[in-house]
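Notes for the one structure printed next.
The model shown is predicted, which means the values in this text are computed figures rather than measured ones. Note: hydrogens, waters and symmetry copies are ignored here, and every other heavy atom, side chains too, is used.
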Amino acid sequence: ALLAGCVGGVARAPDTMQVPPLDNRHRQEVVMLALGLADSPYRYGGTDPQRGFDCSGLVNYVFQVAAGAQLPRTSSHQASVSRRIGRRELREGDLVFFNTLSRPNSHVGIYIGDNRFVNAPSSGGRVRIDSLDNPYFAKRFDSARTLFARR
């Protein structure tokens, strides 16, 4: 499965953008909204359910609606405003980043538990649930990150 890229270089976020840590009570809202968007169409640069999402557009939309968080638009900038955690520390609502275009953090998904995540993976595709154990994603895993307050 060839993955399309997330928006890169478009709507560049300021290097100094800060996102205050989110309250952990928003984790379930993030997961439920992300799951509810499964089967939405993929669209490069897409940021809403009607027209479709790319990977970072999905993350941006979910966190805005479910937690009121203003995130940068691109996956690489989303990585830069989130805190790295160990893969074993992943909890529902955390972010998982992948190197799918020969550059770090070129793809992002929302972790939903049980080694699974919601993402908008490819042109012509749909928002779907994938496994971190899927050989494609396992080989390209970059990091686990969180926007939530320390536990």
Side-chain angles (χ1 to χ4, degrees), residues 1-13 19 22-85 87-148:
L2 180 63
L3 292 188
C6 289
V7 171
V10 176
R12 180 166 157 66
V19 176
L22 302 177
D23 190 307
N24 282 296
R25 67 185 166 88
H26 291 297
R27 285 183 182 277
Q28 278 308 111
E29 295 166 51
V30 164
V31 169
M32 295 307 290
L33 180 56
L35 287 170
L37 293 168
D39 209 35
S40 296
Y42 176 91
R43 179 176 175 214
Y44 181 78
T47 60
D48 67 72
Q50 289 73 38
R51 291 188 302 243
F53 295 105
D54 67 7
C55 66
S56 57
L58 174 68
V59 169
N60 191 287
Y61 178 86
V62 167
F63 277 85
Q64 170 63 43
V65 172
Q70 293 288 115
L71 299 184
R73 179 59 187 90
T74 67
S75 56
S76 62
H77 285 108
Q78 289 170 353
S80 74
V81 299
S82 53
R83 179 173 44 87
R84 184 183 290 267
I85 57 174
R87 188 167 168 170
R88 291 184 179 181
E89 296 176 82
L90 275 168
R91 289 180 56 199
E92 291 87 351
D94 289 333
L95 300 176
V96 286
F97 289 88
F98 304 89
N99 180 336
T100 59
L101 297 172
S102 298
R103 67 177 191 267
N105 307 315
S106 53
H107 186 65
V108 61
I110 300 170
Y111 187 73
I112 59 170
D114 296 325
N115 235 23
R116 299 177 309 147
F117 63 101
V118 174
N119 70 127
S122 60
S123 293
R126 319 255 336 144
V127 173
R128 69 182 193 213
I129 297 169
D130 279 303
S131 172
L132 291 173
D133 296 327
N134 172 312
Y136 180 87
F137 288 110
K139 187 165 61 170
R140 291 164 176 83
F141 182 81
D142 261 342
S143 66
R145 296 181 168 274
T146 191
L147 292 160
F148 293 95

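- For the residue pair Asn99 and Pro104, the shortest heavy atom distance occurs at ND2-N, 3.7 Å.
- Taking the side chain as every heavy atom from C-beta outward, Leu147 and His26 never approach each other to under 4.5 Å.
- What you find for Tyr61 and Asp48 is that their closest heavy atoms are CD1-CA, 4.5 Å.
- The side-chain heavy atoms of Phe63 and Gln78, taken from C-beta on, include no pair separated by under 4.5 Å.
- Looking at heavy atoms from C-beta onward, Phe117 lies out of side-chain contact with Leu90 at the 4.5 angstrom threshold.
- Both tests do not hold together for Arg91 against Phe148: distance to the six-membered ring centre under 6.0 Å, angle to the ring axis within 45°.
- A 4.5 Å side-chain heavy-atom check between Ser122 and Tyr42 finds every atom pair outside the cut-off.
- Using modelled atom types, one finds no donor on one side chain facing an acceptor on the other under 3.5 Å when comparing Ser75 with Asn105.
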ask   = When you look at Leu37 and Val118, which way does the side chain to side chain contact (heavy atoms under 4.5 Å, CB included) test go after all the steps?
value = CA-CA 9 Å; Leu37 293 168; Val118 174; over 6 Å; no
task = Test side chain to side chain contact (heavy atoms under 4.5 Å, CB included) on Thr47 and Asn60 and set out the steps.
result = CA-CA 7 Å; Thr47 60; Asn60 191 287; 6.0 Å; no
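- Tested against Glu92, the residues Asn24, Asp114, Val31, Val30 include a single side-chain contact (heavy atoms from CB on, under 4.5 Å) partner, Val31.
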request  = Check the pair Leu58, Val108 against side chain to side chain contact (heavy atoms under 4.5 Å, CB included), reporting the backbone distance first and the verdict last.
outcome  = CA-CA 9 Å; Leu58 174 68; Val108 61; over 6 Å; no
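- Remark: side-chain polar atoms of Asn119 are not paired, donor with acceptor, to backbone N or O of Ile110 under 3.5 angstrom.
- Atom NE2 of His107 is separated from atom CG of Leu101 by 9.5 Å, given to the nearest 0.5 angstrom.
- Of the possible donor and acceptor atoms, none in the side chain of Ser82 sits under 3.5 Å from a partner among the backbone N and O of Arg145.
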inquiry  = Show, in sequence, the C-alpha distance, side-chain angles and deciding distance for Leu33 and Gln64, and conclude whether the side chain to side chain contact (heavy atoms under 4.5 Å, CB included) test is met.
reply    = CA-CA 11 Å; Leu33 180 56; Gln64 170 63 43; over 6 Å; no
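- The two residues Tyr111 and Arg116 come nearest to each other via the heavy atoms CD1-O, 3.3 Å.
- Separation of atoms CZ (Phe98) and CZ (Arg140) is listed at 10.5 Å; rounding is to 0.5 Å.
- Closest heavy-atom contact between Ser106 and Cys55: O-SG, 4.2 Å.
- Thr74 and Ser56 share no donor-acceptor pair across their side chains, judged by distance under 3.5 Å alone.
- A distance of 11.5 Å separates CG in Leu95 from CZ in Arg83, rounded to the nearest 0.5 Å.
- Side-chain contact between Asp94 and Glu89 is absent, with no heavy atoms from C-beta onward closer than 4.5 Å.
- Counting heavy atoms of neighbouring residues, nucleotides and ligands inside a 6.0 Å radius, atom CZ of Arg51 does not exceed 12 of them.
- The two residues Asn134 and Tyr136 make their nearest non-hydrogen contact at OD1-N, 2.7 Å.
- Side-chain N or O atoms of Arg73 include one that pairs as donor or acceptor with a backbone N or O of Gly45 at under 3.5 Å.
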